[in-house]
Amino acid sequence: MKSRWMLIGACLLLPACGTMSGMLTKNPSATATLAPTKGNTVSGTVHFTQKSGIVVVEAKVTGLKPNGMHGMHIHEKGNCSGDASGAGGHFNPAGSQHGAHNSPMRHGGDLGNLRVNANGFAQVLIEVVDISLGTDANSIIGRAVVVHAGPDDLRSQPAGDSGARIGCGLISKNPDKVF
């Protein structure tokens, strides 16, 4: 008799567990693994996490010129071959002018600058609006993250005058997980 009640209880809980698992899904995320273009030494990862109308971008990059600044942008195409020129221009779904990642007038792909320490390492954590990890026109999935040889001046048109492309990585969506 006792095992019968346990079986009924388990059957009643299973649908509830299925409903709860939908509430425990992780925020959508994506990753780009940076590789150097020819003659450069850049490597690192850029992680993207979608949260309530923003995308949190966390980058850790090595192999950069020490004590400098390097522009970093999302480019329109996911082509990092050769010198990464196949990645096209900055991702710009709204047709805006170039600017800082936190200014109202900017490309969707404008991520600002990496500040590099004496060891050639840079780390940045920023929040970006008007991009997504979904399937809409603002999605950055399948595009490229590019690190440039020089600083982005945040005003020159069309791309901030940040120079050659020294590192590039394809943005790939991470599998959705339940935890």
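In this chain, residues are counted from 1 in sequence order.
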Strictly distance-based, threshold 3.5 Å: is any side-chain N or O of [X] a donor or acceptor partner for the main-chain N or O of [Y]?
| X | Y | answer |
| --- | --- | --- |
| Q50 | L133 | yes |
| E58 | H47 | no |
| N119 | F121 | no |
| H70 | P151 | no |
| T41 | G63 | yes |
| N79 | S81 | yes |
| T37 | R165 | yes |
| H75 | A144 | no |
| D152 | G112 | no |

Looking only at heavy atoms, which two atoms of [X] and [Y] are closest? And how far apart?
| X | Y | answer |
| --- | --- | --- |
| L170 | R143 | CD1-O, 3.4 Å |
| H148 | I166 | O-CD1, 3.6 Å |
| A137 | F91 | O-CZ, 3.5 Å |
| S162 | H73 | OG-CE1, 3.5 Å |

Is there a path of hydrophobic side-chain contacts, each under 4.5 Å between heavy atoms of I/L/V/M/F/W/Y residues, joining [Y] to [X]?
| X | Y | result |
| --- | --- | --- |
| M69 | L34 | no |
| L111 | I171 | yes |
| I141 | F48 | yes |
| V146 | V46 | no |
| L114 | V128 | yes |

Evaluate the criterion side-chain contact (heavy atoms from CB on, under 4.5 Å) for residue pair K65 and V116; output intermediate values, then yes/no. CA-CA 7 Å; K65 182 179 174 184; V116 185; over 6 Å; no
Does one side chain, of S132 or S139, offer a donor that lies under 3.5 Å from an acceptor on the other? no
Supply the atom-to-atom distance D110 CG to I126 CD1, rounded to the nearest 0.5 angstrom. 10.0 Å
Going from CD on E127 to OG1 on T49, what distance comes out if it is rounded to the nearest 0.5 angstrom? 11.0 Å
Evaluate N174 against S29 for side-chain hydrogen bond (donor to acceptor under 3.5 Å, both in side chains), listing each step before the verdict. CA-CA 6 Å; N174 297 325; S29 65; 3.0 Å; yes
K60 atom NZ, neighbour heavy-atom count above 12 within 6.0 Å: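 Not buried by this count: 12 neighbours or fewer within 6.0 Å.
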Side-chain contact test, heavy atoms from C-beta onward, threshold under 4.5 Å: evaluate it for K173 versus P28 and give yes or no. yes
